[in-house]
Amino acid sequence: MGEIRAGRVPTEYVDAVVVGSGFGGSVATYRLAEAGKQVVLMERGRSYGPGDFARSPAELATAFWDPSEKLYGLFDAWTLRGLEGLVSSGLGGGSLIYANVLLRKDEKWFVNESPLPGGGYESWPIGYRDLEQHYQRVEDMIGVNRYPYPDTAKTNAFEQAARAGGHTVFRPPLAVSFSTDASSPAQPGRMLPLADYGNIHGKPRTTCTLCGECDLGCNSGAKNTLDHNYLSAAAATGNADLRTLHEVRGFSRETDGSWLVRYVVHDPQHPAATGDLPERLIRCAKLLLAAGTFGTSYLLLRNRMTLPGISPALGTRFSSNGDLLGLLFNASEQVEGRTIPRRLYGNHGPVITSTVRVADAADGNGATGRGYYLQDAGYPAFFNWLMELSQFRQALPRAGKVAAKIIENRLFQQNRSSISADLAMALGPGSFSSTALPLLGMGRDVPDGRMYLREGRLAADWTLSTSQEYFESVRGTMRGIGDQLGAAFKDNPLWKAQRVVTVHPLGGAPIGANDRVGVCDPWSAVYGQPGLYVVDGAAMPGPVGPNPSLTIAAMADRACEHLLDQQWASPGAAAGASPADAAAEDTATDAQDPAGLLNPRATSVAFTETMRGHVTLGVGEPKSGLEQASLRHERMMFTLTITAKDIERFTDDPRHPASAEGFLDADVLGGHCPVLRGWFNLFVPDGQQRRLMLYRLHIQSPGGRKLTMVGFKDIQDGPGLDLWPDTTTLFVQLLDGHVFPPPPELPAASGLLASEDPAVLGSGVLYIEPLDFARQLTTFRAQGPRKLQALSAFGGLFLGSLYRSYLAPRRSGKPDHEPA
Ligand SMILES: Cc1cc2nc3c(=O)[nH]c(=O)nc-3n(C[C@H](O)[C@H](O)[C@H](O)COP(=O)(O)OP(=O)(O)OC[C@H]3O[C@@H](n4cnc5c(N)ncnc54)[C@H](O)[C@@H]3O)c2cc1C
């Protein structure tokens, strides 16, 4: 892996950068490294070996991912419209907290053109045969086994109930080691042999201890998580550099065809929000996105300005893979004519041991509706305590009885010194927790959700209404299993609010037969972006149906094989290629800015202005841009500090030039864009009947694309009271590249280009809202030897210009042509 000094910026160069280390990222890292490619894997989370996972309340309280809150833990929880999502952050991605099930997608569920209730369709451009050998390869590498124990209460109960209800039930392949090798019997807690390729953690692993803690991270190492296989094997090739706490923020394609990747490095010892960390650069020939459905969709949306021509399907086909959590309580059975509790002991065994398959209309066997799977969902033992504590109506009288008994003993039976039986009574029989069993449902919901950015953050439009029939069917089957177990079925509390919890979010950058329906081609290459790939859950064009990890991994394996089969060009590998650093370029020329020339005896005046409105891409005329953007809810805002660095020069110069610093936020640009350099002119007469307030901002999109925002306020007296709308309305255009202001000798103009000019990317209108205006008034500051005079000079110029523009013409009956 070489470091190339390119231009001003020394930038590391590798064959491939893989972003994220879940099922897609780990497979891709290994396949490329195994083929001799130099790969850097960037994983934002930490590395967790056996014994490293949180268990105590204090540890679990910090086991979440949110660097802005100083949290660098394993769980990353999301709340979006219609659903909550849970994903992982750590080396191994979702495999660290998943429930081990590695099922293949059903052959007939690779549907094509099935009409969706909300419009659109689900179309898989690949079929089972395309994935078959890749499924096999992943299963062999990870190591799958069926749950071997015959006497697990929850498993037996679930299977008996399913069979009694007429369902197909079987034990799915699990990525868990139950025995030390294929020929040995299953036994808990036995030392596992080390794989030929070693292990990146260098810690011993044992067979499954049946503790039910799979979803909290496996402290015994029995789970065959990706760090133990794919990532250890990749590291052993010597070609893969696995970097944890490395979070990718942006990327852009360089003119030489290489990809320039921007990333930050987290240091939990010195916590800082991701956005506050300095960005670093790395270049590569191939960039493989595997940051998970949320992570990859967010990165693509955030960087869409650096991906010209990316498919309009970006963000679409979002689905929850039909996830539904149901709860069974108070299972019971008849013994000798009596109804007694049926103990299921949900904490014994791995989380999932067995599965029911409910057929789909696509199976073609007479079934109707959309198919799904149901699975038993075990849990750690400490959940039993939480469940029992939730039953305080029963616990309180018990505790009261015991307290009364102890008092009675004290008063009347002082010779009774053992209170063990009393304490046992206080704890109660534990029936509530031992007769409960959560159930997981997942399947073919309708993939009509869409992810997009709102105020720079990931948002989603998803509702369960189009999948209502599917979800009702899942609930019905869960209830049926509950009936067979003499148990009460309860919805999870979120269902009442018409929300679901998904641990299988999918879609956002779907594969598709062409670039209208898919962001990626059938081999996961992003259409129109040579060298860019999406190899994770985001690439799914619809729900997988069963637990999706194996399909994600198999698709990544297939994508890499295809990629390696093609001629591997290494654009930009030669020294001398120059990744432009826009920030450096812009600040370097700052001294040439007339508004920025500093006279040490000068007094400056500054104020801060916030404007908000709507801007869209693809429309060049601001009012039309506003219309389109409002319909699409595409907002933009900026906050700028305008500084006249030398008030005398500012007032003397008829163009009243000042500098502008701050930021601009626009979801269509990918979110937060720092202003690298900004120009502002107050009330410039344009030689006609108006004065202009001019804005020009050189910005950089999150992906690193250089853009210019030009805007003007049109200050001229018209019929009616137009002073407020004129001074608070800014017509803007977004231009490609950094476009400098015209030379001062040319007559002043709005700065906007003809709508059809190819440099014009978009347009719209921004306004100052009354509250922002009130705030702006409090921000005026002067600095230097003559503060008061400076402020009054600025105020005089401002008010004088307004007087000349609005009141003088009315008094004289003549328009104002006079320069300010
Ligand atoms: C509790 C639970 C149980 C589950 N059980 C099962 C199961 O039994 N079977 C099954 O098939 N699936 C299961 N899943 C789902 C499974 O975990 C996911 O489907 C799978 O992990 C998705 O793989 P992926 O490659 O798309 O992304 P992920 O595995 O989510 O990996 C993405 C990785 O990218 C990293 N990342 C994100 N953004 C960035 C960035 N900007 N820079 C660098 N790194 C980044 C993340 O930290 C993460 O490690 C379960 C999930 C959960 C939460």
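Every number for a ligand or one of its atoms is a count from 1 in the order of the listing. Bear in mind that the values here come from a model prediction, so they are computed numbers and not experimental data.
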> With distance as the sole test, does Glu69 use its side chain to make a donor-acceptor pair with the main-chain N or O of Asp66 at under 3.5 Å?
Replying inline: no
> With the threshold set at 4.0 Å, does a side-chain nitrogen-carboxylate oxygen contact exist between Arg499 and Glu84?
Replying inline: yes
> What part of Ser88, side chain from CB on, backbone N/CA/C/O, both or neither, has a heavy atom under 4.0 Å from ligand 1?
Replying inline: backbone
> Below 4.0 angstrom, N of the basic side chain to O of the carboxylate: do Asp241 and Arg243 qualify?
Replying inline: yes
> To which protein heavy atom is atom 49 (O) of ligand 1 closest, and what is the distance rounded to 0.1 Å?
Replying inline: Glu43 OE1, 2.7 Å
> Could an N or O of ligand 1 be found under 3.5 Å from any N or O of Ser95, whether backbone or side chain?
Replying inline: no
>> Can you tell me which portion of Asp76 lies within the under-4.0 Å heavy-atom range of ligand 1? Options are side chain, backbone, both, or neither.
In response: neither
> So, do Leu74 and Tyr48 sit near enough that their side-chain heavy atoms are less than 4.5 Å apart?
Replying inline: yes
>> So that I can tick it off, tell me whether Glu12 and Arg280 are bridged by a salt bridge, with the cut-off set at under 4.0 angstrom between side-chain N and carboxylate O.
In response: no
> So His246 and His266, ring pair (Phe, Tyr, Trp, His ring centres under 6.0 Å) or not? Walk me through it.
Replying inline: CA-CA 6 Å; His246 280 53; His266 294 285; 9.1 Å; no
>> Rounded to the nearest 0.5 Å, what separates atom OG in Ser26 from atom NE2 in His228?
In response: 12.0 Å
>> Less than 4.0 angstrom from a charged side-chain N to a carboxylate O is my criterion; do Asp360 and Lys108 meet it?
In response: no
>> Would Val19 count as a contact residue for ligand 1, given that I'm defining contact as a non-hydrogen atom of the residue lying under 4.0 Å from a ligand atom?
In response: yes
>> Any nitrogen or oxygen of Val87 lying under 3.5 Å from a nitrogen or oxygen in ligand 1? Just yes or no.
In response: no
>> Just to check, does Arg249 reach to within less than 4.0 Å of ligand 1 when the distance is taken from its heavy atoms?
In response: no
>> Would you say the rings of Tyr135 and Tyr128 are close, in the sense that their centroids are separated by under 6.0 Å?
In response: yes
> Among side-chain atoms of Asp536 and Thr296, is any donor-acceptor pair under 3.5 angstrom?
Replying inline: yes
> Are Lys105 and Phe110 in a cation-pi contact, defined as NZ or CZ under 6.0 Å from the six-membered ring centre and within 45° of the axis?
Replying inline: yes
> Where is the nearest protein heavy atom to atom 22 (C) of ligand 1: which residue, which atom, and how far?
Replying inline: Ile552 CD1, 3.7 Å
> Can you list the atoms of ligand 1 that are under 4.0 Å from a heavy atom of Asp536?
Replying inline: 24 (P), 25 (O), 26 (O)
> Taking the six-membered ring for Trp, are the ring centroids of Phe75 and Trp65 within less than 6.0 Å of each other?
Replying inline: no
> Near Gly20, which atoms of ligand 1 are under 4.0 Å from a heavy atom of that residue?
Replying inline: 33 (C), 34 (O), 35 (C), 44 (N)
>> List ligand 1 atoms under 4.0 Å from Ala99, heavy atoms only on the residue side.
In response: 3 (C), 4 (C), 5 (N), 6 (C), 7 (C), 8 (O)
>> With heavy-atom distances below 4.0 Å as the criterion, list the atoms of ligand 1 near Gly93.
In response: 29 (O), 31 (O), 48 (C), 49 (O)
>> Does only the side chain of Met42 get under 4.0 Å from ligand 1, or the backbone, or both, or neither? Count heavy atoms.
In response: backbone
> Looking at ligand 1, does any of its N/O atoms fall within less than 3.5 Å of an N/O of Val535?
Replying inline: no
> Among all protein non-hydrogen atoms, which one is nearest to atom 42 (N) of ligand 1, and what is the separation to 0.1 Å?
Replying inline: Val248 N, 3.0 Å
> Does a salt bridge link Arg31 with Glu34, judged by any charged N lying under 4.0 Å from a carboxylate O?
Replying inline: yes
> Can you tell which part of Asp215 has a heavy atom less than 4.0 Å from ligand 1: side chain, backbone, both or neither?
Replying inline: side chain
> Closest non-hydrogen protein atom to atom 2 (C) of ligand 1, residue and atom name please, with distance?
Replying inline: Ile97 O, 3.4 Å
>> Distance under 4.0 Å to a non-hydrogen atom of Gly24: what atoms of ligand 1 satisfy this?
In response: 25 (O)
>> Just to confirm my output: which protein heavy-atom neighbour is closest to atom 13 (C) of ligand 1, and how far is it?
In response: His504 NE2, 3.4 Å
> Hey, does the side chain of Asn321 reach the backbone of Val544 with a donor-acceptor pair shorter than 3.5 angstrom?
Replying inline: yes
>> Suppose I only count heavy atoms of Leu86 and a 4.0 Å limit; which atoms of ligand 1 are within that range?
In response: 53 (C)
> At a non-hydrogen distance cut-off of under 4.0 Å, which region of Val101 contacts ligand 1 (side chain, backbone, both, or neither)?
Replying inline: both
> Do NZ/NE/NH1/NH2 and the carboxylate oxygens of Lys223 and Glu213 come within less than 4.0 Å?
Replying inline: no
> Has the side chain of Asp227 got a donor or acceptor atom that lies under 3.5 Å from a matching backbone atom of Ile200?
Replying inline: no
> Which atoms form the tightest heavy-atom contact between Gly92 and Ser21, and what is the distance?
Replying inline: N-OG, 2.9 Å
> Counting from 1, what ligand 1 atoms have a heavy atom of Ala290 closer than 4.0 Å?
Replying inline: 32 (C), 33 (C), 34 (O)
> What atoms of ligand 1 come closer than 4.0 angstrom to any heavy atom of Gly292?
Replying inline: 26 (O), 27 (O), 32 (C)
> Are any of the N or O atoms of Leu102 closer than 3.5 Å to those of ligand 1?
Replying inline: no
>> Which option wins on minimum heavy-atom distance to atom 29 (O) of ligand 1: Gly25, Gly94, Gly537, Ala539?
In response: Gly94
>> Below 3.5 Å, N or O to N or O, backbone or side chain included: is there any such pair between Arg44 and ligand 1?
In response: yes
>> Please classify the Pro546 to ligand 1 contact at 4.0 Å (heavy-atom distances, strictly less than): side chain, backbone, both or neither.
In response: neither
> So which protein heavy atom does atom 38 (N) of ligand 1 come closest to, and at what separation?
Replying inline: Ala291 CB, 3.4 Å
> What residue and atom, counting heavy atoms only, is the protein's closest point to atom 7 (C) of ligand 1, and at what distance?
Replying inline: Tyr98 CD1, 3.5 Å
>> Pairs of nitrogen or oxygen atoms closer than 3.5 Å, one from Leu299 and one from ligand 1: do any exist?
In response: no
> Which protein heavy atom lies closest to atom 12 (N) of ligand 1, and at what distance to 0.1 Å?
Replying inline: Ser549 OG, 2.9 Å
> Do Thr152 and Tyr147 get their side chains close enough for a donor-acceptor pair, meaning under 3.5 Å?
Replying inline: yes
